[in-house]
K.L.:
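Could you have a look at this structure, given as structure tokens, before my questions?
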Number of protein chains: 4
Amino acid sequence: MPKDVPTDMSGFNPFGDLIGLQFIKCEGGQSRCTVEVQPGLLNPHGVVHGGVLYSMADTGMGGAMYTVMEKDELCATIEIKIVYFKAVRSGTLVCDTRIISRGKRVAALESEITNDGRLVAKASGTYSVFRAKEG
Amino acid sequence: MPKDVPTDMSGFNPFGDLIGLQFIKCEGGQSRCTVEVQPGLLNPHGVVHGGVLYSMADTGMGGAMYTVMEKDELCATIEIKIVYFKAVRSGTLVCDTRIISRGKRVAALESEITNDGRLVAKASGTYSVFRAKEG
Amino acid sequence: MPKDVPTDMSGFNPFGDLIGLQFIKCEGGQSRCTVEVQPGLLNPHGVVHGGVLYSMADTGMGGAMYTVMEKDELCATIEIKIVYFKAVRSGTLVCDTRIISRGKRVAALESEITNDGRLVAKASGTYSVFRAKEG
Amino acid sequence: MPKDVPTDMSGFNPFGDLIGLQFIKCEGGQSRCTVEVQPGLLNPHGVVHGGVLYSMADTGMGGAMYTVMEKDELCATIEIKIVYFKAVRSGTLVCDTRIISRGKRVAALESEITNDGRLVAKASGTYSVFRAKEG
């Protein structure tokens, strides 16, 4: 994992590890993470569970946020909507995330998830940003 | 698991097994599923990853859909939006899902996720319903 | 209009007036507003434009928010998702809104829009709440 | 209005007329429409009502859909989520819409709304596509 991944994204991430999520890039308000399709990630129909693609977007958005936050800032997911375009059965999933708006209290992000170059899902989310001392 | 859970929800569900998801109920356009918080489901901040709560909603919506579909019908998630209210660190997560509208081609569902009785997240999703022969 | 409607909801509301929106109730984190279907609210297919139903939800959420905010607080819509169930051609539209979660910085609300008793659309939104002095 | 705007977008559109919406372009799965800010479009706080921006997105998505549908096809909005970035008080609003996925039964679209070049809101929606004979 590259050096530009922030500390809290590079180490202990139990659920990320459970689904095999790896950060490739995390800088300048953007991130890229990947998941290799494994049998354990499938739903009853033999396709990758929608929750896997969603988890890539949610994690990727958190990773992108940490590249633009100050040391005493924290963030929390307000909401995310994900739309599915194609079923995925094998190969590598790549999730590219970018911040599309950074307000004082709220940031908006988008994630595009591709499978072997095909767009398979897209997510749109908002995060609350606040000072740690604000509790 | 009760007998009224449809075959394809009761057996082989690799990703559901990975996160410890269990169906408690699946009938009449409703479902209830649970997940016990385990260390492997946490994010870098020590709280349950948003993707776990999302996966409960997505799986619970699929379970509710199968109780109202005819034998030659299939369904697919179009999109789901989830809003988070509180961080979860331990205990049991319960996801209650119900169909709020069943049109000819599209159904709308809602899931409420509680942790020890507190509402911690709510999801709103739509599913496409179609005949298997339509491909 | 009842006395418990806050000042800024009861008077000058140009767009509300343009679509004929009227508040029936605004109290305790809830609101009800109505719109009578008029020819000017139709889309090219002769059904009420989706933007009318959306505007009822957005306005109704603002009205519900003002019943729970303190004097020096302001709020702003972060995002709203609306799902449509049935086309509306005539009659009265009623939009019932309630706050489902009130956090320190973010509140979540839901609006159900009915037409002669039938649920025709449902919206889920989030609002940012902040002190006026915070700018 | 250019010739490539489909018949049912170029003529009778009462609600579009009410808010002053004009189509600039409608072709190849894309559309552009505009609204001039008028006093009648403001909310109680003197900023353009969120429902106006939403209505531009919903109408623009319909316009983009009609450029890719066959003669016996119809479409209906399933759901739209809109996120707001900045308040708008004057000037021209421009809404650029494009189809990001066109499946057999469902299409996904995005609209970006700008005000004097600044991105002020973004919407993500899904439409159901079906044959007229399917009712």
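Chain identifiers are assigned alphabetically (A, B, ...) following the order of the sequence lines, protein sequences preceding nucleic acid strands; residue numbering begins at 1 within each chain.
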K.L.:
For each of B:Ile80, B:Val83, B:Val48, B:Asp58, tally heavy-atom pairs with chain A at distances under 4.5 Å, and name the one with the top tally.
P.N.:
B:Ile80
K.L.:
Of all the heavy-atom pairs spanning B:Glu110 and B:Ile100, show the shortest one and how long it is.
P.N.:
OE2-CD1, 3.7 Å
K.L.:
Report the distance from atom OG of B:Ser111 to atom CZ of B:Arg98, rounding to the nearest 0.5 Å.
P.N.:
10.0 Å
K.L.:
How far apart are the C-alpha atoms of B:Tyr66 and B:Cys26, what are their side-chain angles, what is the distance that settles it, and do they pass the side-chain contact (heavy atoms from CB on, under 4.5 Å) test?
P.N.:
CA-CA 8 Å; B:Tyr66 274 94; B:Cys26 245; over 6 Å; no
K.L.:
Check B:Cys75 against B:Tyr127 and note the closest heavy-atom contact, atom names and distance.
P.N.:
SG-CD2, 3.9 Å
K.L.:
Taking heavy atoms only and a threshold strictly under 4.5 Å, list by residue number the residues of residues 35-43 of chain B that touch chain A; give 'none' if the list is empty.
P.N.:
B:Pro39, B:Gly40, B:Leu41, B:Leu42, B:Asn43
K.L.:
With rounding to the nearest 0.5 angstrom, report the NZ to OG1 distance, A:Lys25 to A:Thr67.
P.N.:
10.0 Å
K.L.:
Between B:Phe15 and A:His49, how do the two ring planes meet: parallel, tilted or perpendicular, split at 30° and 60°?
P.N.:
tilted
K.L.:
Flag the one option from A:Ile78, A:Val47, A:Leu74 with the top tally of heavy-atom pairs under 4.5 Å to chain B.
P.N.:
A:Ile78
K.L.:
First locate atom CE of B:Met56, then atom CD1 of B:Ile82, and finally report the distance between them rounded to the nearest 0.5 Å.
P.N.:
9.5 Å
